[in-house]
Amino acid sequence: MSNQVDPNQVLKTWFYRSVKLMVFVAIITTFYLIYLDAWVQQKMSGPKWQTPIKVYARPLQLYPHLYLNPQELISELKLLNYRKSTSVREPGQYKQNDEMVTFYRREFVYVDGAVLPQKVRVSFENNRVTDVETYSQNQWNQEAISMLEPLLISRESDDNNEHREIINLATVPEWMIDTLITVEDKNFYHHNGISPFAIARALLANIRAGRKVQGGSTLTQQLAKNLLLNDSRKSYIRKIKEAFIALILDYRFSKDAILEAYFNEIYLGQNGNNGVHGFALASKFYFDKPLAELERHEFALLVAMVKGPSYYNPLRQQKRALARRDLVLQLMVSDNVIDNKEYEYFIQQPMQVVNKVGQGKSRFPSYMQLVMRELKALQLPEQHEANGLLVFTGLDPVLQKNYEKLFNRSIKQLEKQHKLQDINGAVISLSLDNASISALVGDKHANSFGFNRALDANRNIGSLIKPAVYLTAL
């Protein structure tokens with residue numbers, strides 16, 4: 001009697017085992033997706049990033065009879081990166097006509113809340129302010145006092161490797177959103193987080209080229225990778241997890257919420273050891289402007305860098321970055337984000353970026369040492385990392401820069417006059433109006449983060465104390 005195997009029985013056994021395996025995989029996948037869904041909601045609903053402590057100078061208050069000349073006001077406007085213009089129509093612009101300065105103040109947040117944009121005109125005579133006027137309802141109106149936004153002097157964070165400036169999507173111009181979608185994900189509003197067609201097209205192109213020449217990731221997948229996975233390893237398992245997270249993101253959150261997170265998360269270069277994250281910070285890093293003030297060709301460059309911040313770095317790879325920027329402009333005109341006339345104008349514009357690589361977090365190290373000591377002595381609210389903290393100081397930035405410049409010059413003159421070396425010292429300026437410190441220099445090298453003579457040098461003041469003692473007695 002032969003032991004023949006029934007083919008039908010083998011097929012039936014194989015079928016049942018396959019079904020059991022599929023059911024098991026489906027159950028495991030379902031439980032994994034439930035876990036992943038809860039994890040994504042927790043990550044997206046809570047604080048996504050550590051909000052930095054922003055330290056500001058004092059806001060310049062303008063009022064009649066203030067001792068101030070036009071050039072001092074212009075100096076402050078330049079520190080705030082206001083642009084000279086023949087016609088002041090937008091925030092961030094100014095013009096000067098003899099003894100009159102007109103500027104369009106930007107919106108900013110102060111102690112009492114948001115301060116709205118405002119067109120301001122200041123008149124001078126004999127180094128004093130004579131009139132302060134604001135423009136509203138098609139006419140100039142006299143004001144008792146107006147305020148210029150304070151200069152950001154430092155952005156402090158416990159996370160030293162990632163810097164960003166968090167913005168609300170409502171403040172982003174519509175054409176910027178259209179540009180990003182045109183270049184990175186045309187079907188963003190029509191897919192469910194992943195685009196099978198884009199993945200298939202990229203896979204086919206990569207097979208034909210024998211290497212990776214295209215990517216099929218949507219904006220949602222890029223956000224999943226950068227914000228939630230934080231994993232640069234390339235593997236099929238990671239790509240599958242990325243796709244699952246993208247599907248959950250699209251199901252649980254609105255397109256605007258995904259775009260807002262993307263605008264704040266995207267990596268766009270490196271400033272020393274610190275990553276530049278988000279379009280808002282990249283705008284200030286590369287162009288010294290708020291995001292809303294960028295022109296089309298400038299934002300096109302930032303979008304061009306999304307594909308490869310190092311490969312298309314405009315500070316090191318000018319030709320490559322310019323070619324990529326021009327390609328983005330072509331895509332913008334083909335998708336009607338800009339018209340042909342605008343394209344012809346913007347394509348001719350030079351790629352002008354500000355080289356800020358290597359700069360420290362603080363513009364005025366000596367003064368910031370004082371601020372950080374006072375902050376450590378305070379009991380900050382526990383939620384300041386999640387909600388952010390705005391610190392307004394008494395620093396006069398124009399006075400501070402002048403002291404730094406003149407102090408160094410005076411030290412050099414003393415060394416030359418007396419044939420000495422290694423002379424050093426300190427400068428402190430106090431405001432009589434509010435008893436704050438207006439300027440502080442702790443070393444002849446203004447950018448030094450070392451020993452601060454204004455704070456730490458102990459000297460016997462000798463007879464210098466006598467006037468104060470005698471005045472008290474008298």
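Note that this is a predicted model, so its numbers are computed, not measured.
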Would you sort out whether Asn264 and Ile167 count as a side chain to side chain contact (heavy atoms under 4.5 Å, CB included), showing the intermediate values? CA-CA 7 Å; Asn264 286 309; Ile167 57 169; 3.4 Å; yes
Leu21 and Tyr16: CA distance, side-chain angles, deciding distance, side chain to side chain contact (heavy atoms under 4.5 Å, CB included) verdict: CA-CA 9 Å; Leu21 180 62; Tyr16 283 130; over 6 Å; no
Go through the steps for Tyr262 and Gln222 under the test side chain to side chain donor-acceptor pair (under 3.5 Å), then give the verdict. CA-CA 8 Å; Tyr262 188 95; Gln222 292 179 41; 2.6 Å; yes
Is there a salt bridge (charged side-chain N to carboxylate O under 4.0 Å, His left out) between Glu165 and Lys284 once you walk through the steps? CA-CA 9 Å; Glu165 185 165 315; Lys284 292 186 176 180; 3.1 Å; yes
Does Val183 form a side chain to side chain contact (heavy atoms under 4.5 Å, CB included) with Arg324? I'd like the steps, not just the answer. CA-CA 11 Å; Val183 177; Arg324 176 70 181 165; 4.0 Å; yes
Let me see the working for Glu242 and Lys225 under salt bridge (charged side-chain N to carboxylate O under 4.0 Å, His left out), right down to the final yes or no. CA-CA 6 Å; Glu242 176 187 302; Lys225 179 180 68 175; 5.4 Å; no
Check step by step if side chain to side chain contact (heavy atoms under 4.5 Å, CB included) holds for Leu322 and Leu301. CA-CA 8 Å; Leu322 182 61; Leu301 177 61; over 6 Å; no
Mind running ring-ring contact (aromatic ring centres under 6.0 Å, His included) on Tyr94 and Tyr104 for me, showing each step along the way? CA-CA 6 Å; Tyr94 80 92; Tyr104 207 132; over 10 Å; no
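Scanning both residues, Glu107 and Ala114, for their nearest heavy atoms gives OE2-CB, 4.1 Å. Nearest heavy-atom pair across Ala170 and Asn168 is N-OD1, 2.8 Å. The nearest pair of heavy atoms linking Ala246 to Ala224 is N-CB, 4.3 Å. Ser448 and Pro365 make their closest contact through O-CB, 3.4 Å (heavy atoms, listed as atom of the first residue, atom of the second, distance). When all heavy atoms of Ala282 and Leu302 are compared, the closest pair comes out as CB-CD2, 4.1 Å. Closest of all the heavy-atom pairs between Asn192 and Leu247 is O-CD2, 3.4 Å.
A donor-acceptor contact shorter than 3.5 Å is absent between the side chain of Gln118 and the backbone of Arg105. Using a distance-only test at 3.5 Å, with no hydrogens or angles considered, a donor-acceptor pair links the side chain of Tyr267 to the main chain of Gly269. For the pair Glu344 (side chain) and Lys341 (backbone), a donor-acceptor distance under 3.5 Å is absent.
Between Phe263 and Phe279, the two ring planes are tilted [angle within 30° to 60°]. Ring pair Trp175/Phe299 is perpendicular by interplanar angle, where above 60° counts as perpendicular and below 30° as parallel.
A donor-acceptor contact closer than 3.5 angstrom links the side chains of Gln139 and Asn141. Residues Tyr367 and Gln400 bring no donor and acceptor atom of their side chains to less than 3.5 Å of each other. No side-chain donor from either of Lys54 and Ser154 sits under 3.5 Å from a side-chain acceptor of the other. When only modelled atom types and interatomic distance are considered, Asp185 and His191 share a side-chain donor-acceptor pair under 3.5 Å. Side-chain polar atoms of Tyr343 and Gln348 form no donor-acceptor pair below 3.5 angstrom. Asp396 and Ser438 share no side-chain donor-acceptor pair at under 3.5 Å. For Asn434 and Ser431, the side-chain atoms include at least one donor-acceptor pair closer than 3.5 Å. With hydrogens and angles left out, the side-chain atoms of Arg89 and Ser87 include a donor and acceptor closer than 3.5 Å.
Taken from OG1 in Thr218 to CG in Leu223, the straight-line distance is 9.0 Å, to the nearest 0.5 Å. A distance of 9.0 Å separates CZ of Arg58 from CG of Leu399, quoted to the nearest 0.5 Å. To the nearest 0.5 angstrom, Leu390 atom CG is 10.0 Å from Ile53 atom CD1. Between atom CG of residue Leu80 and atom CG of residue Leu60 there is a gap of 9.0 Å, rounded to the nearest 0.5 Å. How far OG of Ser283 is from CG of Asp288: 9.0 Å, rounded to the nearest 0.5 Å. If you take CD on Gln93 and CD on Glu293, they are separated by 8.0 Å, rounding to the nearest 0.5 Å.
Residue Gln42 places its CD atom among 12 or fewer non-hydrogen atoms of other residues, nucleotides or ligands, all under 6.0 Å distant. Few gaps surround OH on Tyr32; more than 12 heavy atoms of other groups in view lie less than 6.0 Å from it. Within 6.0 Å of the NZ atom in Lys255, the count of heavy atoms belonging to other residues, nucleotides or ligands exceeds 12. The environment of Phe31 atom CZ is sparse: at most 12 non-hydrogen atoms of other residues, nucleotides or ligands sit within 6.0 angstrom. Heavy-atom neighbours of Lys289 NZ from other residues, nucleotides or ligands within 6.0 Å: above the threshold of 12. Within 6.0 Å of NZ on Lys119 lie more than 12 heavy atoms contributed by other residues, nucleotides or ligands.
The list of salt bridge (charged side-chain N to carboxylate O under 4.0 Å, His left out) pairs with a residue in residues 269-278, not counting sequence neighbours, is empty. Residues in residues 24-37 take part in these salt bridge (charged side-chain N to carboxylate O under 4.0 Å, His left out) pairs, two or more places apart or across chains: Asp37-Arg252.
Contact annotation: the side chain of Gln96 never approaches that of Leu73 to less than 4.5 Å [non-hydrogen atoms, C-beta and beyond]. For the pair Thr220/Phe188, a side-chain contact is recorded, criterion being any heavy-atom separation below 4.5 Å from C-beta on. With a 4.5 Å cut-off on side-chain heavy atoms, Asn271 and Phe285 count as touching. Looking at heavy atoms from C-beta onward, His277 lies in side-chain contact with Glu265 at the 4.5 angstrom threshold. Residues Lys84 and Lys95 fail the side-chain proximity criterion, which asks for heavy atoms closer than 4.5 Å. Residues Leu151 and Tyr56 form no side-chain contact, since every pair of their non-hydrogen atoms from C-beta on lies 4.5 Å or further apart. Residues Thr182 and Met332 have side chains not in contact (no heavy-atom distance under 4.5 Å, counting atoms from C-beta outward). Between Met100 and Phe124 the shortest side-chain heavy-atom distance does not fall below 4.5 Å.
Figure legend: Lys241 and Trp39 shown as a cation-pi pair, the cationic atom lying under 6.0 angstrom from the six-membered ring centre and within 45 degrees of its axis. The side-chain tip of Arg296 does not point at the ring of Tyr345 from less than 6.0 angstrom away and within 45° of straight on.
Each of Glu143, Glu133, Glu99 was evaluated against Arg121; a single residue qualifies, Glu133, per the salt bridge (charged side-chain N to carboxylate O under 4.0 Å, His left out) test.
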